[in-house]
Amino acid sequence: MRGLLERIHRAGVPPLYSLPVREARKAYTLRSEVLDLPRAPLARVEDIKIPAADGTPLDARLYAPSSDVLPLMLYTHGGGFTIGNLETHDSLCRQFALRSGAAVVALHYRLAPEHRFPVAVDDTWAAMTWLSQHGATLGLDGTRLAVGGDSAGGTLAAVAALHARDIGLPLALQLLITPGTTAHQDTASHEQFESGFLLEGEGIDWFFNHYIDKAHRDDWRFAPLNADDAEGVAPACFILAECDPLVDEGVAYADKLRAARVAVDLELYRGVTHDFIKMGRALPEAIAALDAAALALKKALTP
């Protein structure tokens, strides 16, 4: 991990937060899969549309390792609610489908600053509900449904699990990979890993300022750690990185779920940074994390 960080630093690549949003999106798309595993071939990879609550057709992509009627996971990508798309997380979603045997539906929710909070939340909720009701139209089993995401997508997945509980929609699992859960970046790990560990404090500020007004940051739909109670939400699998500004809030949210008697499986990978799961070409910890996530999906979706 240290060697990777040194090579990134020597390359002199400008940080995304130093660029205009449109340029940052292009740069992230170009960089995002450099260290990822090659895109695995699958029986089904199909671009689809899912309606948002306001009727807007949202881009999504279905990944399935076979043509069987499979259980599925709705996956929301990372990128600080501001960057990221179906291409940036294509390799990752293929690996989840390949290793778990389940289908994955990746959602390209609408991004800030064009669509500020809570549009990404609303899009995620709409897609989750639609898949539960209409999964059969895709040849999938919408009654066996999980949600998952990394970074900002992990936040959206956690919030979706709370919403599913509230509307009586049964979920098998929430897969939370290095999620954000707090309102104000005030944990010890934010200070300890603020600079030099891939996800910078300035970068988090840049993302959040594009996405949400400071006055709204205590809303549980942005900071699920602020939810009144977590009792009755789906079992959770946490994939966390030791050298990540978000690690403390990931642990804190896992503790909140455990205190509410929710089944929690937490894997903390030592010596790696935020986004490490997308570095399978270089880090054995990324492969271990993929396997842990796939095992959790298998256990939850095919008991």
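Residue numbers run from 1 in the order of the sequence given.
- Side-chain contact, Ser67 with Arg44: no donor N or O sits under 3.5 Å from an acceptor N or O.
- Using modelled atom types and a 3.5 Å distance limit, the side chains of Tyr17 and Asp205 yield no donor-acceptor pair.
- Under a 3.5 Å cut-off, the side chain of Asp141 and the backbone N or O of Val69 do not form any donor-acceptor pair.
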- [ ] Go through Asp248 and His190 one step at a time and tell me if the side chain to side chain contact (heavy atoms under 4.5 Å, CB included) criterion holds.
- [x] CA-CA 8 Å; Asp248 285 355; His190 274 283; over 6 Å; no
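- Between Arg94 and Asp36 there is no salt bridge, since none of the side-chain N atoms of the basic residue sits less than 4.0 Å from a carboxylate O of the acidic one.
- Judged purely by atom type and a 3.5 angstrom limit, Arg221 has no side-chain atom pairing as donor or acceptor with the backbone of Pro118.
- Within the 3.5 Å criterion, the main-chain N or O of Gly78 finds no donor-acceptor partner in the side chain of Ser151.
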Open item on the list: For Glu267 and Asp265: C-alpha separation, side-chain torsions, deciding distance, then whether side chain to side chain contact (heavy atoms under 4.5 Å, CB included) applies.
Closed with: CA-CA 7 Å; Glu267 301 286 347; Asp265 179 17; 3.7 Å; yes
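- Ring orientation note: the planes of Phe208 and Phe81 are tilted relative to one another, at an angle of 30° to 60°.
- In this structure, Arg110 does not pair ionically with Asp122, as no charged nitrogen and carboxylate oxygen lie closer than 4.0 Å.
- Of the options Leu257, Ile177, Thr178, Val251, a side chain to side chain contact (heavy atoms under 4.5 Å, CB included) to Phe238 is made by Leu257 and by none of the others.
- Ser32 and His89 share no donor-acceptor pair across their side chains, judged by distance under 3.5 Å alone.
- By the 4.0 Å N-to-carboxylate-O rule, Arg61 lies too far from Glu46 to be salt-bridged with it.
- Side chains of Leu37 and Ile287 form a contact here, defined as non-hydrogen atoms less than 4.5 Å apart.
- Side chain of Asp213 to main chain of His216: no donor-acceptor pair is present (N/O by atom type, distance under 3.5 Å, no hydrogens or angles).
- Of the inter-residue distances, the one linking Trp130 atom CH2 with Lys49 atom NZ reads 12.5 Å to the nearest 0.5 angstrom.
- Salt bridge annotation for Arg39-Glu87: present, with a cationic side-chain nitrogen under 4.0 angstrom from a carboxylate oxygen.
- Aromatic ring centroids of His115 and Tyr109 lie 6.0 Å or more apart.
- The backbone N or O of Pro245 lies less than 3.5 Å from a partner atom in the side chain of Ser189, making a donor-acceptor pair.
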Open item on the list: Quick one, Asp275 with Ile277, criterion side chain to side chain contact (heavy atoms under 4.5 Å, CB included). Give me CA distance, side-chain angles, the key distance, then yes/no.
Closed with: CA-CA 5 Å; Asp275 221 26; Ile277 198 169; 5.5 Å; no
Open item on the list: The test is side chain to side chain contact (heavy atoms under 4.5 Å, CB included); show your working for Val147 and Met73 and say whether it passes.
Closed with: CA-CA 5 Å; Val147 293; Met73 172 175 65; 5.7 Å; no
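- Shortest non-hydrogen contact noted between Ala157 and Gly149 is CB-N, 3.9 Å.
- Checking side-chain atoms of Glu231 against main-chain N and O of Ala260 turns up no donor-acceptor pair under 3.5 Å.
- Residue Arg144 is tested with Thr302, Leu70, Leu173 for a side chain to side chain contact (heavy atoms under 4.5 Å, CB included); the sole match is Thr302.
- Glu285 has no carboxylate O lying under 4.0 Å from a charged side-chain N of Arg270, or vice versa, which leaves the two without a salt bridge.
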Open item on the list: With side chain to side chain donor-acceptor pair (under 3.5 Å) as the criterion, how do Asp244 and His274 come out once you've worked through the C-alpha distance, each side chain's angles and the decisive distance to 0.1 Å?
Closed with: CA-CA 5 Å; Asp244 181 357; His274 194 77; 2.9 Å; yes
